[in-house]
2 protein chains.
Amino acid sequence: MSGRAGAGRPRSGRATIYDVARAAGVSVGTVSRVLNGHPVGDASRRAVQRALAGTGYVPNEHARRLAGARPATVAFLHCVSGDRLLADPNVNALLLDCLRSLGEQQIMMVTPVPGDGPPEVAVRMLAARLDDPVLMFSAPLASPAVDDLVGRHVPVVACGTPLGHERRVSYVTSDDREGARQMVAYLRSRGRRRIGVVTGPMDLPGGVERLAGYRDAVGAFDPALVVHGDYTYAGGVTAAERLLRQAPDLDAIFAASDVMAAGVLDACARAGRRVPEDVAVGGYDDAPIAVGTTPQLTTVRIPWRRYADRLTSQLLRRIDGDDASGVVMPVELIVRGST
Amino acid sequence: MSGRAGAGRPRSGRATIYDVARAAGVSVGTVSRVLNGHPVGDASRRAVQRALAGTGYVPNEHARRLAGARPATVAFLHCVSGDRLLADPNVNALLLDCLRSLGEQQIMMVTPVPGDGPPEVAVRMLAARLDDPVLMFSAPLASPAVDDLVGRHVPVVACGTPLGHERRVSYVTSDDREGARQMVAYLRSRGRRRIGVVTGPMDLPGGVERLAGYRDAVGAFDPALVVHGDYTYAGGVTAAERLLRQAPDLDAIFAASDVMAAGVLDACARAGRRVPEDVAVGGYDDAPIAVGTTPQLTTVRIPWRRYADRLTSQLLRRIDGDDASGVVMPVELIVRGST
DNA sequence: TTGTACGCGTTATCAC
DNA sequence: GTGATAACGCGTACAA
């Protein structure tokens, strides 16, 4: 008899499928079939279920994956530098919705992985060892991370349009262009004619799309009415100040995020412009802050819960080998006091 | 020959240790030894390293774990309800420090898992499949989750003292009692004699300890000077209002967190009390908000980076089978304008 | 120092 | 419908 081998660290002591099979008086195959909902005789099924409860069996995910089972875990790739990984409340909220939605499908784990910096690459290497499908947030227009992933045939689902990768990675996006268009059209319907815009970052799809929607609806386009922002409160303040200077006659400002809109509101107040009498202000996202400002913000709501559900279903499809595809969620204009 | 079996889903196409061995002209054992830093001949080592780079080999974590290797992943258990999982910026910041610290040890953090509610239990079940060691935040005084974990002999390291489990779970904590004591002693050294306190939640170790430190230093104890808070801004406002009503003659307020202290500051302003002239205000945590208030907050700093490093080393020790143990980090009084 | 072979726990296939 | 067993990729004890 040759050498006993393979004794790594002590076994965790957890019940295995063999223990269950023994307790139920059936073979491991039958237990596995019960576990996975495959056809099994009635008597066997009951015996197995009793044994399952009795032994407190918990499946070993590593063994499942090694044997080729569908992943029950998902990696979460946020394309920002590591120090801003969990810093965005909006992203965290969506992440939470995704956790819930995935949980309902018996899928878990969301490995927070940062984006493209040098240390981030190391973390991604670690993540790669798990071979999980990827849920990606804040995909930039070009990213080595994304190229790497699609090159390794990792199933990826993006939150937002993965510009340049639409055929390789599935995605869910909201109709940013349409939302911005609706907002600006609404402002015009209320008689506003000189409508300024504080854009989002131009290297993010949302930034590009919301500006496009603005241009769709604004009528005559005046460069003096466009200032670029960065989705931050401070950025909103600065941008509004510039806008007020460049185009003192403006009667409305559309900010591409509620957080920036809050900054716009304060800048207007400091500049002595009344909102909404002198200047109407529109936001985007229907973030919590939208009802925390005075006046409350007219904004564009994205249905985040359903959004997360769609991300989950897209991910499941992708795991099961379907081709990449995109879905677009509708948006809703929410009118409050700022217009 | 009996049936070919075990063909799950298509192989991911990743290079395996066998591919590397073939490319290097050595056996898999040798490759494994190189990978794990075990003694290997010089020629073999170089050949393997070349093959490693050439094949783009990435270890399969699931196979590693199944074979008994040390876990390269850690589960993150936050003992709050699911909807508050990523909602606390302080926790997120520490989480990030832990991510960094663990990453330096080639360990990746994984799986934000919520605490004790009914749906949370389901998520923990999922997490259990991975059999990861656990990094625990906000451990309440009594928790089925913790009992479950220690019962299953899962290595657990807590952030803060795991009251009632000190012998079963390792932990890192800062000296909350001493920090509070220093703060109150400092206030007294500046001539303050009627010092109120806004405590943290009394079912959290930090809340209990910081109040104890207050009692250590305050001298005569007056119940009218104690109001319980919940670590939130709004809670700080409410508590300060009550304090000002109950003890109009107070000349200082120690809030058990900076966020609450910010609320105290605003409540004082509304009540017409000048800070620090009429009322000195002390906080705790040295959170970002501590330098965002007017005046800036005198507070107690916890060395979070080193704290995270200690959490990591405690975790490693625990994984390697050492007994549970606790370490206490020192704190530092930071004096700013609010006193 | 290096090669060989077993075992980790699960899934899926084959034969009954 | 059920049992037996190969295969997943890796770590390691043992033999050479």
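A, B, ... follow the sequence lines: proteins, then strands. Residue 1 opens every chain.
At a non-hydrogen distance threshold of 4.0 Å, Gly29(B), Ser32(B), Arg33(B), Asn36(B), His38(B) from residues 26-43 of chain B come into contact with DNA chain D. For DNA chain D, none of the residues of residues 45-60 of chain A falls under the heavy-atom distance limit of 4.0 Å.
Not a single donor-acceptor pair under 3.5 Å links the side chain of Gln314(B) to the backbone N or O of Val172(B). Of the possible donor and acceptor atoms, one in the side chain of Glu61(B) sits under 3.5 Å from a partner among the backbone N and O of Ala72(B).
Side-chain contact between Ser174(A) and Val328(A): absent, with no pair of heavy atoms (C-beta onward) separated by less than 4.5 Å.
If you measure from atom NE2 of His62(A) to atom C1' of dT11(C), you get 17 Å, rounded to the nearest angstrom. One interatomic measurement links the two molecules: CZ of Arg14(A) to P of dT10(C), which rounds to 8 Å at whole-angstrom precision. Distance Arg65(A) CZ to dC10(D) C1': 16 Å, rounded to the nearest Å. The separation between Asp131(B) atom CG and dC8(C) atom P is 15 Å, rounded to whole Å. Here dT11(C) presents its P atom at 12 Å from CG of Leu66(B), a figure rounded to the nearest Å. Residue Ile17(A) contributes atom CD1, which lies 19 Å from atom P of dG7(C) at whole-angstrom precision. Atoms CD (Glu61(A)) and C1' (dT11(C)) sit 13 Å apart, rounded to a whole Å. Look at CZ on Arg129(B): it is 11 Å from C1' on dT10(C), rounded to the nearest Å.
Trp304(B) and Tyr307(B) have tilted rings, their planes meeting at an angle from 30° to 60° on a 0 to 90° scale. Using a 30° and 60° split on the angle between ring planes, His62(A) and His62(B) fall in the tilted class, from 30° to 60°.
Within 6.0 Å of atom CZ in Arg318(A), more than 12 heavy atoms from other residues, nucleotides or ligands are found, so the atom counts as buried in its surroundings.
Residues Arg46(B) and Asp42(B) are paired through a salt bridge, judged by an N-O separation under 4.0 Å between the basic side chain and the carboxylate. Classification of Asp132(B) and Arg65(B) as a salt-bridged pair holds, one side-chain N sitting under 4.0 Å from a carboxylate O.
Residue Ser44(B) places at least one side-chain N or O under 4.0 Å from the OP1 or OP2 atom of dT2(C). One finds a side-chain N or O of Arg64(A) lying less than 4.0 angstrom from the OP1 or OP2 phosphate oxygen of dT11(C).
There is no side-chain donor-acceptor pair under 3.5 Å between Thr55(A) and Asp19(A).
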